[in-house]
Structure formats: C-alpha cells, structure tokens
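These notes are about the structure you will find just below.
Residue indices begin at 1 and follow the sequence shown. Here the structure is a predicted model, which is why all the values come from computation and not from measurement.
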Amino acid sequence: MPHTLHATSSTSLGTADGTYIYALASASSDILGATSSDNSLRLFSASTLAARGSVARAHDDHSITCLVRVGENVLATAGRDGCVRVWDVRDGGAKAAGVYKSETGASVLSLAVSEGAGVVAAGTELVGSIARVVIWYGYLFSPPRGPLLKVPEHISKTYRDLRTASVKAQYTESHNDDITALSFHPTAPHLLLSGATDALVNIYNLLTPPSTTTTAATDTDDDTALHQVINHGSSIHRAGFLGTDVYALSHDEQLAMYAVVEEVPEDTERAPETAECKQWGDVRGLLGCEYVVDVMENSSGGVVVAGSHSGHWVDLVPLRKAGAGIEGWGMLRDEGMRLHGGHGGEVMRGVWVDEGTGTIYTAGEDGLVKVWRAPAEMVEVVEVTAKREKREKREKRTKEERRERREKKEAKARFRPY
C-alpha cells in the first residue's frame, strides 16, 4: 500500500467560486506560479501561501494553456492568443518581459524552454491542415553561463536577445493534428520532442539545416530534421524525456516508454519509425484510478500522477528503471504516496513537488491549491535511495568502462605481431 499523506494547508489564491486552478510551476525557492480559468497568472509564497503578485488577463481575453519554469525568477506562459509570454516574478509579474507570437496567431497548446541552450519552442493547434512547432533561438534576459546551442548558419543571425527576436524556425509537416506536448532532451538540448493528437511522437535534431527546397525563410525541412518518429497509437496527452528514454501518455490513459535512437545513419532518407518499447496499456486498471494527470521526472526516474474523483484520492506512483534496456522500467505502487482526500470529487489538474523538503503542491478544479508534506523519515529514505541509485549507476558505468578497456587491451595483445 502507498504511504498516506493528508493536506496540511490550502488556499484559493483569492479566486472566485467556480474558478479552476490548472497548473503550478516553481519560479524560485519560495515563489510558485499558478494559472487559472479566469485567465490569470498568480504568484504566491511556497512557505506561507501568501500572495506575491498577480496578472489578470495575462493573455488578454484568451485562456492560458501552458505554464513552465524558464529559470530563476522567470516563468513563461502560452495561450490561445497565439503568444508565448515571459514573466519576471521579481516585480510581481506586473508586465510581460517578452512576448513572442506565431505568425498565424494559432492557439499555442504546448510549450518548452531550454534556458541553458537558449531555445523556446511552442506547439500550435491545427489550423486548416497545418500544426506548427515554432522555435525561437536566443536568450531571455542575459546570455546563459554555458555556451549557446551551436545552431546552423541559416539561423545563427537570429541568436539574440529574445525580447526583440522575431525570426524563428518552424516545422509544419510533421503532425497533422494539435500539438499537445513538447520537451527538450535533458543532456542533448538540440533534440526536441513533440507529441500530438495524431498519436505521433517526433524527435527533431535542431542542428539540422533545411534542404535547398525549403521555400520560406523560417521554415525548416521536417524530413531532414526528424531524428525519430514514434507512433503511440492513441492521441497524445503528455510526452517527454525520462532520463534518455521517452514516455508517452494518451488521452485514454495508454502509457508506454520508448527507447531513443542514438544515431541515425547519414544515408537514411527517413527518420526511424520503430523503437524498443515497454507498454502498460490503459493504466487505469493497473493503478485503480479514474484519470492520469501527468508523468513527472524526478531524481530517481519519474512519477505517474493518477487520481480518483469518486474515491477522493491522488496517487504519486514511482516509475523507475531498475534493469537494462527499455524493459527495465517499472511502476512501484507500494512505494508511492496517496494524497488522501485529493481535491474531493473534482479532478486534480496540476502538481509540483519539492523533493528537498518532501512537500507536494496540487491544484484542482475545486479552485484550491493544497499542500501535502511527507514525514521527515520518508524524505530521508527517498534521499538515501536516490543517492544509492546514483552511486550504483556510477559504479556500474565504471565497471563497464574498465571491462571495455581490458577487452581492448587483450584484443591488442592477441593480434600483436611476433
């Protein structure tokens, strides 16, 4: 049985009755952001839940669809106005520090930011026959400490302060339906993942220049840039990277893990369309839940967030890779956490976890943000387990490297001339 937690505090963030709270994101060690159905962005203290600022009608009269952390004190939102807006929370979000708009004005349904590489990506809804992945290259407030992504010559001139950037690259032929998920590879930021309601998960190599047949200056040849194509079989709700593998969760709760192709041969005309996978199918039966909110990355692998509005609970189920290959992934229900009471009979929509303190923040259609805290001994166990797993991985990698060096040395000795 999972460990049971009870809410220690809650707040409506000053919203009116009937307002849904959709998403949560951390801007700093004590500032969280929340988006809601009244089209507002609210900032509040993680420790006291006290208000720290708000932006009414953050996307004018349009709904906010996405909220992500950009970096320290910086959040970004996307909306049905076709814009991505960046907010500096140090001034309470009084004014957007940057606004980036897709050329067509199509609603932005997904958003990802790689601060270290200086890339912002937005996925749009289908308009006519085109759904776009739009990419801005540059930096948001100051150049990153590390080197910027070494982009191709055809877009290097756009690598500037994003507050004034208007030129971008975009992929327009890889999906034929709404793009609902975007994610950057954690260690190779030139790899961008997109998922859509056409059931496809695509991985692009952003370093690939367009072909000479590309007509528009900002268009990039999709077939050339595609690194890998995965057909999940069902409309994508969430998708992203867990470590170096990919997870995909559909709107009908079908969950699977896929292996990423490391290298695509240069003579390959099309991106690989097959991948090793671990499939659980509809996880509602496996987890005894009624809906799945998200799959989140953490220090030990990932967490499947699933809930029951009739049972009034939400579970955080560890998703870990204990063995070799994609088949090594597994869900550990008995090691999870159950948030007793959940958001009552309403659906939980957003979650953010502070692993350092063992504090969980959730948001729901009941209009509340709730706080849940794990016992100190549980936090210690999680930290010790994570450290042990990292140490074991490091030791295993060291042993493999030593074995490879020994085998190479032995091979040279065998074939050494007399």
Side-chain angles (χ1 to χ4, degrees), residues 22-27 33-36 39-43 55-89 91 93-127 130-142 144 148-149 151 155 158-172 175 178-184 189 192-196 204 206 218-220 240 350:
Y22 289 139
L24 299 172
S26 168
T35 57
S36 51
N39 307 331
S40 297
L41 168 66
R42 289 177 169 83
L43 306 173
V55 184
R57 300 172 62 247
H59 285 255
D60 299 324
D61 292 324
H62 300 273
S63 300
I64 302 173
T65 56
C66 308
L67 172 66
V68 301
R69 174 187 168 94
V70 174
E72 188 68 15
N73 296 312
V74 187
L75 297 174
T77 57
R80 292 194 174 275
D81 58 350
C83 292
V84 175
R85 300 174 188 256
V86 177
W87 311 89
D88 187 339
V89 304
D91 62 4
K95 182 181 179 181
V99 180
Y100 321 113
K101 189 175 181 67
S102 63
E103 294 173 354
T104 63
S107 297
V108 177
L109 304 181
S110 51
L111 177 64
V113 178
S114 177
E115 183 193 20
V119 186
V120 176
T124 74
E125 70 175 350
L126 185 73
V127 176
I130 296 178
R132 303 170 187 268
V133 176
V134 186
I135 302 165
W136 291 268
Y137 297 86
Y139 54 89
L140 292 165
F141 291 97
S142 59
L148 292 169
L149 187 67
V151 298
I155 52 176
T158 73
Y159 227 132
R160 64 184 76 161
D161 187 332
L162 274 173
R163 289 172 289 181
T164 60
S166 59
V167 183
K168 49 202 162 290
Q170 56 187 347
Y171 302 111
T172 59
H175 291 291
D178 298 345
I179 299 171
T180 54
L182 288 170
S183 177
F184 284 97
L192 171 67
L193 174 152
S194 67
Y204 310 88
L206 301 186
T218 59
D219 281 350
T220 300

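Ala96 and Val99 get closest at one heavy-atom pair: CB-CG2, 4.0 Å. Closest heavy-atom contact between Leu67 and Gly33: CD2-O, 3.5 Å. When all heavy atoms of Ala122 and Trp136 are compared, the pair lying nearest together is CB-CZ3, 3.9 Å. Residues Ser63 and Asn39 approach most closely at CA-OD1, 3.3 Å, considering heavy atoms. Looking at every heavy atom in both residues, Leu206 comes nearest to Pro189 through CD1-O, 4.3 Å.
Every residue meeting the side chain to side chain donor-acceptor pair (under 3.5 Å) condition with Thr77, not counting sequence neighbours, appears here in chain and number order: His59, Trp87. Partners of Leu126 by side-chain contact (heavy atoms from CB on, under 4.5 Å), not counting sequence neighbours, listed by chain and number: Ala131, Asp177, Asp178. Considering only residues two or more places apart in sequence or on other chains, Arg85 meets the salt bridge (charged side-chain N to carboxylate O under 4.0 Å, His left out) condition with Asp60, Asp81. Legend: residues meeting side-chain contact (heavy atoms from CB on, under 4.5 Å) with Ala121, ordered by chain and number and at least two apart, are Ile135, Leu182, Phe184, Leu192. Legend: residues meeting side chain to side chain donor-acceptor pair (under 3.5 Å) with Ser26, ordered by chain and number and at least two apart, are absent.
For the pair Ser114 (side chain) and Val119 (backbone), a donor-acceptor distance under 3.5 Å is absent.
Of the inter-residue distances, the one linking Tyr171 atom OH with Ser194 atom OG reads 10.0 Å to the nearest 0.5 angstrom. We find the NE2-CZ distance between His175 and Arg132 to be 14.0 Å, quoted to the nearest 0.5 Å.
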Steps toward side chain to side chain contact (heavy atoms under 4.5 Å, CB included) verdict (Leu75, Leu43): CA-CA 10 Å; Leu75 297 174; Leu43 306 173; 4.0 Å; yes

With a 3.5 Å cut-off and sequence neighbours excluded, list the donor-acceptor pairs that the side chains of residues 104-113 form with protein atoms.
| residue | atom | partner | partner atom | Å |
| --- | --- | --- | --- | --- |
| Thr104 | OG1 | Ala106 | N | 3.3 |
| Ser107 | OG | Arg80 | O | 3.3 |
| Ser107 | OG | Glu125 | OE2 | 3.4 |
| Ser110 | OG | Ile179 | O | 3.1 |

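The shortest side-chain heavy-atom distance between Val133 and Tyr204 falls under the 4.5 Å cut-off.
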